[in-house]
Amino acid sequence: MIPPEKDCIDQNVTEMVSCIMEPAPERWGLRGDPFFWEELRQHFDKIPMPYDEWNLKLDIYRIFSQVTNGEWLSNVENVFVAKYAHGGMSSGNLCGSFWRNDMIPLLMERYHDWVYQHTGTFTKEIGGLEYRYVAENREDCYLLKLQLWQEESSGWGDRFPSGWVDWDADIHIYADLESAQRDGNRFLVEHAACELQQMENRNVVLFWNKSESNVAKQPTGNLVIYDDGFSELWNLDTFLNRIELCVGVSQMEKQTIRFVTFLGIAYVMDVYSFEILETHYTK
């Protein structure tokens, strides 16, 4: 799915935040949930897009607290709201876990889809973890930023968990979204890390998973060479034209590296000409 060019967007058409609430879900937790959805829709129908992501989520929590006389969505399971009671076994009841686990993630996914369609900025959360990466669209490049969910009072931020090396926390620059997304996916492995070899204006980076001994769970295509601005120049996938992973890399001389693949093939390469100087089998 390719986002439209910015010049093609009709600047006279203002969409409201409520656009992410269409269509309504087909499945609900309890009978009061559709009425809370409608209350949120009416609230967001007065707020234009783009809207701050953190404020969007805070609004949902705040309105939930208002309609439930002070209950906080993080802590409650089922709560009764009299004005939502219109008959039925669970009439008037809101399901807290349904909103935390299903509805809020759905709305945030739609919100990110809207942002991507209108700005090209891509956001992907890492399933089961409190990390995400954002490929932010700038005029002539994409910036890849890794973020950590800090706490419910502050939201997403550029503070990183223990175990991530310093280089992981940098902002990386890419010429196109596809490259940014591909490298963003490298960090979907839990406790992803990387080794960086710097050779004048070349950055040789090996991505790996330091907590995982099962090689099948290691990231493939995990060796990439960048220039000094971290724009991709060469990667293992393109070089081998097959699914394979690098298990080690070392600097040989001033501009030469040796890397070994899982299949046991060692390559010595000039990182400026990308010429393979030597190949041998290590097993």
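Predicted model only: the values in this text are computed from it and were never measured.
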Is there side-chain contact between [X] and [Y], with heavy atoms separated by less than 4.5 Å?
X	Y	value
Val81	Phe35	no
Glu77	Glu71	no
Thr123	Val115	no

Between the side chain of [X] and the main-chain N/O of [Y], is any donor-acceptor distance below 3.5 Å?
X	Y	value
Gln251	Glu253	yes
Arg31	His86	no
Asn137	Thr119	yes
Asn203	Asp227	yes
Asp33	Cys95	yes
Asp270	Glu275	no
Tyr133	Ala180	no

### Message
Please evaluate residues Val67 and Lys83 with respect to the criterion side chain to side chain contact (heavy atoms under 4.5 Å, CB included), reporting the C-alpha separation (whole Å), side-chain torsions for both, the decisive distance (0.1 Å), and the verdict.
### Response
CA-CA 9 Å; Val67 301; Lys83 68 177 180 177; 4.2 Å; yes
Might you point out which heavy atoms bring [X] and [Y] nearest each other, and give the distance in Å?
X	Y	answer
Ala266	Arg258	CB-NH2, 3.6 Å
Thr282	Val260	OG1-CG1, 4.2 Å
Asn222	Cys246	OD1-N, 2.7 Å
Ile104	Leu73	CD1-CD2, 3.6 Å
Leu94	Thr68	CD1-CG2, 4.1 Å

### Message
Is there a path of hydrophobic side-chain contacts, each under 4.5 Å between heavy atoms of I/L/V/M/F/W/Y residues, joining Leu277 to Tyr267?
### Response
no
### Candidate pair Gln66 and Glu39, rule side chain to side chain contact (heavy atoms under 4.5 Å, CB included), full reasoning
CA-CA 11 Å; Gln66 289 176 349; Glu39 185 143 342; over 6 Å; no
Other residues, nucleotides and ligands only: do more than 12 of their heavy atoms fall within 6.0 Å of [atom1] on [X]?
X	atom1	value
Glu38	CD	yes
Glu278	CD	yes
Asp52	CG	yes

### Query
When you look at Leu107 and Phe44, which way does the side chain to side chain contact (heavy atoms under 4.5 Å, CB included) test go after all the steps?
CA-CA 12 Å; Leu107 291 174; Phe44 289 127; 5.7 Å; no
#### Entry: Contacts of type salt bridge (Lys or Arg N to Asp or Glu O under 4.0 Å), residue Lys46, not counting sequence neighbours
none
### Message
Would you say the ring centers of Tyr84 and Trp28 fall short of 6.0 Å from each other?
### Response
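No, the ring centres sit 6.0 Å or more apart.
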### Message
Please evaluate residues Glu200 and Arg202 with respect to the criterion salt bridge (charged side-chain N to carboxylate O under 4.0 Å, His left out), reporting the C-alpha separation (whole Å), side-chain torsions for both, the decisive distance (0.1 Å), and the verdict.
### Response
CA-CA 6 Å; Glu200 297 182 2; Arg202 289 291 189 268; over 6 Å; no
### Task
Dump the intermediate steps for salt bridge (charged side-chain N to carboxylate O under 4.0 Å, His left out) on Glu15 and Arg110, then the final yes or no.
CA-CA 13 Å; Glu15 286 191 277; Arg110 291 181 179 181; over 6 Å; no
